[in-house]
Amino acid sequence: MNTATDTLSASAGHAASGEAAHIHLPGPSFWPILLALGMGLVTTGFFFWATGASANWWFGLGAIFCIVPAMGWATTIAAERRHMDPAQTSTDLRRGFLLFLVSESCIFGSFFAHNIYLRFFAPAWPPPGAPVLATQLPAIGTLVLVLSSFTVNIAHHAIKSGKITRAKNWLILTIVMGIVFLGIQAYDWGFLLQFDKFTISKGVFGSGYYLMTGFHGMHVLVGLLMLGLVYWRLERGDYNNPTYSFSTDAAAYYWHFVDIVWIFLFFTIYLLKF
Amino acid sequence: MSTEVLAAPAPKTYSGLLDWLTTTDHKKIGLLYLGFAFINIWLGGALAGLIRLNLFNPGWHIIAPNVYNQLITMHATLMIFMAVMPAFAGMGNYLIPLMIGARDMAFPKLNAFSFWIMIPAALMMYVSFFVPGGASRGGWWQYPPLSTFQFMGGHGEDLWILAVILLGISSVTGAINILVTIFDMRAPGMKLMRMPLFVWSWLVTATMLIVALPVLSGTMIMLLADRLFGTGFYRPALGGDPLLYEHLFWFFGHPEVYIMILPGFGMMSHIVPSFAGKKVFGYKGMVYALCAIGLLGYTVWAHHMFTSGITPAAQIYFSICSMLIAIPTGVKIYSWLASMWGGAIRFTTPMLFCLGMIALFTFGGLTGVMLAIVPFDIVVHNTYFVVGHFHYVLVGGSVMALLGGMHFWYPKISGRMLSEKLGHWTFWLIFIGINWVFLPMHWLGIEGMVRRIATYRPQFAFWNQFISLGFFFMLFGGLLFTWNVIVSWKKGQPAQADAWQVNDTQQAFEWMTSSPPPVHNFDEIPAMPAEEHA
């Protein structure tokens, strides 16, 4: 055993030889630090806005420094992956993305924990003064969102098997369904705000309702953006190797995630009555 | 539809500052992390110095109570989020790819992002001292109602919350990167159960980070909304519940404690056997103990809340679970002791730090078991006994392990040895300093000195003056270490590939490549030696 180790250290002890020339390492990149700068600017902007100061410049600059580096980053990765083992890089990216979704569900988890804890320990639930939420329209929204998980699945498989027109059609349908869902949510919010005069500061029920549906709605919006990007790339004929395309996987996973979270949300907020 | 891998163009390179700003090399990013932690441990230490200055005499009132509260809050914040966590992240970044025989992390650019996103967060923390009303003064827990706008005006608190959310993004993206690296990039033949223990410790830590940090973000989003948008999540007047905040915070906060010690355990498991000239004792037991601590760490959070009004049944449950953690922790400590048993021990600086860590951490762990006993905890809750306890595990445990690890891997990182003589001095100064400063806190606490108050009853003056003098041990130890690191970087003895001759008994990949490693880490990825069957 010792001999094996010794030969290893001996061979590794050689200075960089011709071997090294074949090793691919990713080059330096400005995108990470610029994106960090952008997110810092947006956070600072949020701080000024939320504390009542003017924040337009911060938001404007921050948006530029978020969007440009994000796009540059994605383009760089796409270019780099042509020099790497596509199966391995897509496994890496998929696993990383799934772990990201785990962390996302933990943020939602903290909101759910808040809601469920209060149901057990609050003197009365729903608290006095909370409006009775209408369930018919959100139920339709739920149905639309659940169905859109199936349609995105069809589109996803179509891309993988190279059926681009079919993929585009189902993708459009998914995006329309997502927009319908968001429309229903917006109508729900508007109704509560306008007729029930029910706002985020009218008690903890409203705080939880608006935070959870709002946070989820933001995720639907991001999901739509991702689906839109996939559509745009289909239009451009970008997917020369769809088997290993990560962006389609990411968009589809994200959409399923948003759907699953909503099912829990719908049960907890709208249906659970104790 | 081509799946072939095209030949890569040579990547362009920058030099000087631009190189550091744009690097995606895990070794350079690891160094950036370590540098960031280095700066913040000095800043956090300076705040500790001011705290000790104020506590030197109960009648001086050099620092206004309002400012004192900012000092203790920011001391904890800097040390936890911006010193210990990045220091471990830096060591992990530098060492994990080397230890598993990889050329870089799975996502090199995301790695750079994880580091750089900490900079705006750090700036927001620093700036918060200068906004009207000053920095956050709620302690690092930020319990409402103290942290609500009603009791804590000014916007330093809001900056604190936003900065912590940014730091959370850094930790989670970093943890994802480390997990994927560990899963996908191990050298051929390196099965999970043959991975170096430092890598195992980071596997568990990163898993904990991915679950715990988002909960902190969610909790903080609700707190921020309570402060700025009039929501009622934690406000009883609106139907919310401040106790719920404590549950959510400690659901993150207690795993966080293990996040800050497990990588240290991992380093110990390399250093101790290396200088005993033996293989680590009970590898499997060590791995299972790490996993057990990681799991149990999620079941004990309310032992921080024994006096907050939880039911007796809950107290018993959380008390028992907390004590259970002593079992896997004991497995680790006994395995280190057994790793030394019958070995030819070399008392190098890293080994000294590890031996000191075993002693100090065991002590801190035992006071932890005491605190898990509900009646005892009710008596000493929020006294200096608790302060003494967690400084023994954090400074005596995490920081000692970190210093051991830095002395141990410094030759690999810099290609030069640290001065052993200065290293020994550093160790004794820090080791004496820790006991000098934190040991008297235990009896001060039992006698009733309450923490987080800018002054105290006069009968505690003697021991407080004693403690404040002990600060200088830590200060000189820190200065010596800094001096040693800076001077040895250029002038130290050149280090060999296997700087400590550990590979006579270990098969550590990181000691098989040159010191410092080439950009691509290994000219040839080392192969795992054949498996031994006992």
Side-chain angles (χ1 to χ4, degrees), chain A residues 1 4-5 8-9 11-14 16-17 19-20 23-33 35-36 39-40 43 46-47 50-51 73 82-86 88 91-92 95-96 99-100 102-104 106-107 109-111 113-114 117-118 121-122 127 200-201 203-205 207 211 240-241, chain B residues 1 3 5-6 8 11-14 21-24 103-104 106-109 112-113 116-117 119-120 155 158-159 162 166 172 176 179-180 183-184 210-211 214-215 217-219 225 228-233 238-241 244 248 497-498 503 507 512-513 518-520 522-524 526 529:
Chain A
M1 182 238 10
T5 322
L8 279 173
S9 9
S11 70
H14 285 303
S17 56
E19 281 291 311
I23 299 164
H24 172 72
L25 289 171
S29 170
F30 277 104
W31 303 130
I33 190 173
L35 183 62
M39 289 178 70
T43 314
F46 176 83
F47 172 75
T51 55
W73 192 331
R82 282 182 221 125
H83 311 301
M84 295 189 209
D85 174 8
Q88 184 58 49
T91 310
D92 288 351
R95 286 190 174 156
L99 288 170
F100 165 69
V102 170
S103 76
E104 283 260 68
C106 290
I107 301 191
S110 65
F111 301 151
H114 185 277
Y117 179 97
L118 281 185
F121 293 105
I200 194 162
S201 50
V204 72
F205 186 84
S207 307
L211 177 74
N240 58 352
N241 187 359
Chain B
M1 279 281 279
T3 50
V5 179
L6 305 171
K12 58 179 177 296
T13 48
Y14 299 103
L21 295 183
T22 59
T23 186
T24 54
R103 301 217 184 272
D104 207 314
F107 310 118
K109 280 184 278 297
F113 172 78
W116 289 112
I117 193 68
I119 301 295
H155 292 302
D158 304 314
L159 276 174
L162 289 169
L166 286 183
V172 169
I176 290 172
L179 280 181
V180 177
F183 286 142
D184 288 0
I210 283 181
V211 177
V215 174
S217 305
T219 311
L228 297 178
F229 305 123
T231 57
F233 293 107
L238 292 176
D241 191 343
L244 175 52
L248 286 171
D498 184 2
N503 270 353
Q507 294 141 4
M512 293 178 187
T513 186
V519 160
H520 48 277
F522 302 95
D523 291 334
E524 231 175 292

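Lettering follows sequence order; numbering is per chain, from 1.
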Given B/Thr231, B/Leu228, B/Leu244, the one with more heavy-atom pairs under 4.5 angstrom with chain A than any other is B/Leu244
Honestly, the part of B/Leu166 sitting under 4.5 Å from a heavy atom of chain A is side chain
Heavy-atom side-chain contact between B/Thr22 and A/Ile33 under 4.5 Å
no
In short, B/Pro214 meets A/Cys106 closest at the heavy-atom pair CB-CB, 3.6 Å
Interface check, chain A: of B/Ile119, B/Leu248, B/Ile176, most non-hydrogen pairs under 4.5 Å belong to B/Ile176
Note: vs chain B, highest number of non-hydrogen pairs under 4.5 angstrom among A/Phe121, A/Phe46, A/Phe205 is A/Phe46
Ranking A/Phe100, A/Phe47, A/Phe30, A/Phe111 by heavy-atom pairs under 4.5 Å to chain B gives rank one to A/Phe47
Tightest non-hydrogen contact, residues A/Ala36 and B/Ile117, listed as CB-N, 3.6 Å
Correct closest heavy-atom pair for B/Pro108 and A/Pro26 would be CG-CG, 3.3 Å
Turns out that what part of B/Val215 lies under 4.5 Å from chain A's heavy atoms comes down to both
Value for CG (B/Asp241) from NE2 (A/His114), rounded to nearest 0.5 Å, stands at 7.5 Å
dist A/Ser110:OG -> B/Phe233:CZ (nearest 0.5 Å) comes out at 10.0 Å
To the nearest 0.5 Å, atom NZ of B/Lys109 lies from atom CH2 of A/Trp31 at 11.5 Å
B/Phe229 and A/Ser201 have their tightest heavy-atom pair at O-CB, 4.1 Å
d(B/Thr13 OG1, A/Leu25 CG) to nearest 0.5 Å is 12.0 Å
The reported gap from CG in A/Leu99 to CZ in B/Phe183 (rounded to nearest 0.5 angstrom) is 7.0 Å
Answer key: most heavy-atom pairs under 4.5 Å with chain A among B/Tyr14, B/Phe113, B/Phe107 is B/Phe113
Output for pair (A/Ser207 OG, B/Leu238 CG), nearest 0.5 Å, gives 6.5 Å
Max heavy-atom pairs within cutoff under 4.5 Å with chain A, candidates B/Val211, B/Thr219, B/Val519, B/Ile210, goes to B/Ile210
Closest heavy-atom pair, A/Asp92 versus B/Val180, reported as atoms and distance to 0.1 Å, is O-CG1, 3.7 Å
Note: vs chain A, highest number of non-hydrogen pairs under 4.5 angstrom among B/Thr23, B/Thr24, B/Asp498 is B/Thr24
